[in-house]
Structures are given as C-alpha cells and as structure tokens.
Amino acid sequence: MTRSARHRRPIVTDQTLTVRDNRTGDEYELEITDGTVRASDLGKIGKTEDDPGIAVYDPGFTNTASTRSAVTFIDGEKGILEYRGYPIEQLAESSTFLEVAYLLIHGELPTKEQHDQWVHDITFHTFVHENLKSLMQGFRYDAHPMGMLLSSVGALSTFYPEARAIHDPDVRREQIVRMIAKMPTLGAWSFRHAQGKPYVYPDNELSYTENFLSMLFKMSEPKYDPDPRLAKALDVLLILHADHEQNCSTNAVRSVGSSQVDPYSAVSAGIAALYGPLHGGANEAVLRMLKRIGTKDKIPEFIEGVKNGDEKLMGFGHRVYKNYDPRAKIIKKACDDVFEVTGVNPLLEIAQELEKIALEDEYFVSRKLYPNVDFYSGLIYEALQFPPEMFTVLFAIGRTPGWLAQWLELVDDKEQKIARPKQVYTGDRTLEFVPAEQRWA
C-alpha cells in the first residue's frame with residue numbers, strides 16, 4: 001500500500017555546509033540533503049565526554065523536518081498544494097473524495113476495477129458494532145461532538161484487537177478501510193446525539209457523502225434524497241481537508257504512531273490535536289468575527305481596529321502559505337452551489353467585502369495576509385445547518401485518509417524511530433532533599 005519506488009523523487013545530496021565552532025576553532029563539514037542537514041550531524045559539534053554537543057532549539061518545529069514524505073507537496077510562497085503530485089485544483093474539480101483517499105493511501109490513482117472494489121469495501125464497512133452505539137448513547141446530552149468522535153475512534157481499537165499487527169499489510173488495509181468507512185457514521189451520530197434525535201443507520205445505496213448527509217439529516221421519510229449540489233460541495237470540502245503535510249494533528253498521529261500502536265489510537269491522537277482551537281477551530285472564529293462586524297458599513301472601522309491591534313482578522317494568513325491559499329479559492333467557488341440550494345448566507349456579503357478591502361490594503365498585502373481555507377468554509381458549514389461544534393468533526397472526517405497515509409509511511413520508513421525530542425533543561429540542580437519532619441518542624 002505504498003507508492004512504488006519508480007515514482008519517488010530521487011534524494012538530492014550534492015552540497016555541504018561548513019560550520020565553524022568559534023569556541024574551539026574547529027570546523028565541521030555537514031552534508032546537505034534535500035535542503036536539510038541532519039540534527040545528529042550537528043550533535044557532533046563540540047561533542048566530548050562532558051559535553052553532549054550542539055542541539056537544535058525549535059519550539060513548534062518551525063524549521064525542523066521530522067520525516068521524508070511523498071504524500072503532500074506545499075509551496076507556500078507560490079500558493080501550491082498537491083496530493084501525490086496532483087494539483088488540488090484538478091482533484092477538487094474532477095475527482096471524488098474516495099478516489100482522492102485511494103490516491104493518498106496507495107500513492108497512485110486507481111484503475112476502474114481498483115476504484116470499484118475500494119468504493120465497495122468502504123461502503124460495506126460503514127456500519128459499526130451495536131456496542132459502540134451504546135457507548136455513544138452513554139455520553140451526556142450536551143457532550144461535544146468532537147469529544148464523542150475522539151472517544152469512539154479510540155474505542156474502535158478494542159473492537160479490532162488484530163489492528164495491533166501493524167506490519168501485516170492485509171491487516172493494515174482492513175483497518176484503513178474500516179476507519180475511512182466508519183468516520184462519517186460516528187460523526188453523524190455525534191451530531192444526532194447533540195440534537196436528541198435517533199441515530200440513523202448507513203444507507204449503502206448512497207454515495208459516501210450522500211450517505212453522510214442521510215445519517216445527519218434524515219427524519220421520518222422512508223428514503224433520504226440528498227441534493228446532488230450539496231453532496232458535491234461536501235465532497236469538495238472533504239477533498240480540500242484530506243491532507244496538509246506535517247501540521248499539528250498529522251504530527252500527533254506520527255508521534256503517537258511511532259510507538260507502533262494501532263492506527264485507531266494513532267488517529268484518535270490526531271483528532272485530539274484537531275480539537276484544539278488553534279488548529280481546527282479557526283473557521284468558527286471567522287463566523288464570530290463576521291457576526292460581530294454585522295454590516296458592510298462597519299468594515300472600515302473593523303479594519304482600523306485590526307491595524308491598531310484592537311481586533312483580530314480571522315481567516316487570513318497561514319503559517320505555511322504566504323500567498324492566496326489555493327483551497328480558499330476552491331471553497332469560494334463551492335459557496336455558489338451551496339447557496340443556490342440553501343439561500344445566500346447574509347454573512348457572505350460581509351466576507352466578500354472584507355476580502356476585497358484586505359487584498360487591496362497595503363497593510364495586509366505587505367504582511368502577506370491572504371484568505372485561507374477557513375475564511376469561507378464556516379459559511380458553507382453554517383448554510384448546511386451544522387452548528388459550530390460540528391466544524392472540526394467534518395474536518396476530521398476529511399483528514400482521515402491523510403492521517404492514515406502518513407501513518408503508513410511512518411510504519412514503512414526504516415529511518416523512523418520512536419518520537420523523543422530533546423529538551424533544554426532550565427530547572428534547579430543538585431538540591432539536597434530535606435525530610436518532611438525536618439521541613440515542617
């Protein structure tokens with residue numbers, strides 16, 4: 001289930017970096033490979049019996065590569081995003097989420113036979129064990145859907161104990177199919193739970209996203225008939241979130257997965273990371289901002305507040321992209337299809353005017369603050385009648401193939417070791433312990 005070697009870009013090693021240690025005058029020649037030097041090579045600088053050598057201090061891993069990956073390519077300066085070499089624009093326009101999931105997992109686009117088998121396998125694994133349904137029904141009536149998803153995905157590891165055999169390709173494939181198939185079921189049931197509505201079982205006659213919409217919104221009708229425009233828009237949103245390089249949640253999946261735990265436990269770590277407001281909650285913050293602005297005539301006042309440091313411009317700027325986020329352009333286009341069905345969200349006019357002003361204002365242009373994927377996605381989710389607490393659940397369903405593709409790479413990568421970062425110790429040393437009876441006397 002890994003990409004064949006013939007498609008992998010060759011490792012480039014043709015340069016060196018000379019480092020002079022001014023403490024000793026010694027010089028070291030470090031090999032540069034694909035624009036990186038090995039941290040272990042830096043560790044040789046100044047290393048003695050009493051000195052552990054130089055380490056890299058990099059909070060948040062802002063300039064540290066933890067792995068080699070062939071899954072996703074990003075050029076933040078040019079606004080490029082590719083899955084396995086295919087531009088995101090082409091995939092969103094012409095592919096489907098399940099085909100993209102196959103691409104991410106297998107490294108290549110499927111043949112018709114492979115695609116049909118893949119879709120069949122996922123379609124017929126959408127049901128979950130009734131005991132898991134009982135587990136979800138045990139949550140409080142006001143439990144956060146993301147907390148329910150986190151717990152239920154972790155619980156899947158107890159239903160499939162064979163998943164611990166991570167080096168067996170057949171076992172791995174079975175768990176990957178199961179997880180991609182069951183995520184919409186678990187996500188939809190967490191949504192229904194919060195509303196006090198009965199859980200809806202999967203309908204295997206519907207497509208992946210149509211089935212998800214059915215489990216979310218079906219009421220008393222014998223057969224739910226989803227609007228194809230909404231199904232397509234949701235499919236596009238899932239594609240756009242399918243992977244995004246070594247972000248916080250993917251790093252969590254890889255870090256936990258490095259202990260060789262089962263994939264359900266590793267992915268639950270990714271869900272936990274996505275639960276945090278700095279990662280998965282940005283589109284909810286955009287909605288709050290737009291509602292606070294209220295009307296178009298208040299945008300200039302808000303812009304001045306941003307420049308003065310009194311307001312925050314949510315949905316603009318990205319740690320990776322220093323150009324227009326390519327996903328934002330696609331989502332902006334998808335808004336038209338959704339609002340054609342649901343009616344135009346009144347916040348859209350504010351969002352469009354805010355984007356127009358920000359893209360023309362030198363203050364934001366000079367800082368490379370362009371709209372990111374979160375700027376318009378919240379408007380679509382709200383139009384689809386999702387409460388804000390469901391936004392990250394939708395994100396997690398879309399990201400699952402990417403997490404699993406990254407986990408597969410980790411398992412097969414001979415260079416990977418259990419994650420164990422260094423630290424710079426700043427506490428006290430060699431204190432003398434005083435027994436309690438003396439301290440309290």
Any non-hydrogen side-chain atom of [X] less than 4.5 Å from a side-chain atom of [Y]?
| X | Y | result |
| --- | --- | --- |
| Met215 | Thr185 | yes |
| Asp325 | Tyr370 | no |
| Leu410 | Thr67 | no |
| Leu230 | Leu234 | no |
| Met183 | Arg399 | no |
| His318 | Ile74 | no |
| Leu379 | Phe339 | yes |
| Leu109 | Tyr102 | no |

Does [Y] offer a backbone N or O that forms a donor-acceptor pair with the side chain of [X] under 3.5 Å?
| X | Y | result |
| --- | --- | --- |
| Arg84 | Leu104 | yes |
| Asp235 | Phe97 | yes |
| Glu409 | Ala70 | yes |
| Trp189 | Lys133 | no |
| Arg192 | Leu216 | yes |
| Ser259 | Val256 | yes |
| Ser255 | Ala252 | no |
| Tyr83 | Ile239 | yes |
| Ser366 | Tyr363 | yes |
| Asp58 | Thr64 | yes |

Taking everything shown except [X] itself, do over 12 heavy atoms lie less than 6.0 Å from its [atom1]?
| X | atom1 | value |
| --- | --- | --- |
| Lys307 | NZ | yes |
| Lys333 | NZ | no |
| Phe61 | CZ | no |
| Asn63 | CG | no |
| Glu93 | CD | no |
| Tyr57 | OH | no |
| Glu349 | CD | no |
| Glu205 | CD | no |

Next item on the list: Pick out which of Phe191, Tyr224, Phe212 makes a ring pair (Phe, Tyr, Trp, His ring centres under 6.0 Å) with Phe217.
Entry: Phe191
Is it true that the side chains of [X] and [Y] contain a donor and an acceptor less than 3.5 Å apart?
| X | Y | value |
| --- | --- | --- |
| Tyr376 | Glu355 | yes |
| Ser214 | Asp203 | no |
| Ser66 | Arg254 | no |

When rounded to the nearest 0.5 angstrom, what is the spacing between [atom1] in [X] and [atom2] in [Y]?
| X | Y | atom1 | atom2 | answer |
| --- | --- | --- | --- | --- |
| Arg164 | Gln175 | CZ | CD | 11.0 Å |
| Asp243 | Thr72 | CG | OG1 | 3.5 Å |
| Leu103 | Leu91 | CG | CG | 6.5 Å |
| Asn308 | Ile303 | CG | CD1 | 11.5 Å |
| His193 | His144 | NE2 | NE2 | 13.0 Å |
| Tyr199 | Ser190 | OH | OG | 8.0 Å |

Next item on the list: Using the side chain to side chain contact (heavy atoms under 4.5 Å, CB included) rule, take Val236 and Lys232 through it: C-alpha gap first, then chi angles, then the decisive distance, then the call.
Entry: CA-CA 6 Å; Val236 169; Lys232 172 60 179 175; 3.8 Å; yes
Considering only NZ, NE, NH1 and NH2 on the basic side and carboxylate oxygens on the acidic side, decide whether [X] and [Y] come within less than 4.0 Å.
| X | Y | result |
| --- | --- | --- |
| Glu89 | Lys329 | no |
| Glu77 | Lys368 | yes |
| Asp41 | Lys44 | yes |

Output a table of donor-acceptor pairs, distance under 3.5 Å, between side-chain atoms of residues 380-397 and any protein atom two or more places apart or on a different chain; print 'none' if there are none.
from: Glu382; atom 1: OE1; to: Asn345; atom 2: ND2; distance (Å): 2.9
from: Glu382; atom 1: OE2; to: Lys291; atom 2: NZ; distance (Å): 2.9

Shortest non-hydrogen contact from [X] to [Y]?
| X | Y | result |
| --- | --- | --- |
| Ala155 | Thr158 | O-OG1, 2.6 Å |
| Pro401 | Gly398 | CD-O, 3.2 Å |
| Trp407 | Ala266 | CD1-CB, 4.1 Å |
| His279 | Ser249 | NE2-OG, 2.9 Å |
| Met289 | Lys312 | SD-O, 3.7 Å |
| Val365 | Leu359 | CG2-O, 3.2 Å |

Notebook entry, point to check: Between Phe364 and Ile357, does a side chain to side chain contact (heavy atoms under 4.5 Å, CB included) hold up when you go through it step by step?
Noted result: CA-CA 9 Å; Phe364 301 105; Ile357 293 175; 5.7 Å; no
Check: Looking at Val128, Ile271, Leu186, which one forms a side chain to side chain contact (heavy atoms under 4.5 Å, CB included) with Ser152?
Finding: Leu186
Note to self: Evaluate Ile293 against Glu353 for side chain to side chain contact (heavy atoms under 4.5 Å, CB included), listing each step before the verdict.
What the structure shows: CA-CA 12 Å; Ile293 294 172; Glu353 183 65 18; over 6 Å; no
Notebook entry, point to check: Taking the six-membered ring for Trp, are the ring centroids of His244 and Tyr321 within less than 6.0 Å of each other?
Noted result: yes
Next item on the list: Would you sort out whether Met146 and Leu150 count as a side chain to side chain contact (heavy atoms under 4.5 Å, CB included), showing the intermediate values?
Entry: CA-CA 6 Å; Met146 195 65 166; Leu150 165 64; 5.8 Å; no
Note to self: Run the side chain to side chain donor-acceptor pair (under 3.5 Å) test against Arg292 and tell me which residues pass, sequence neighbours left out.
What the structure shows: Glu311
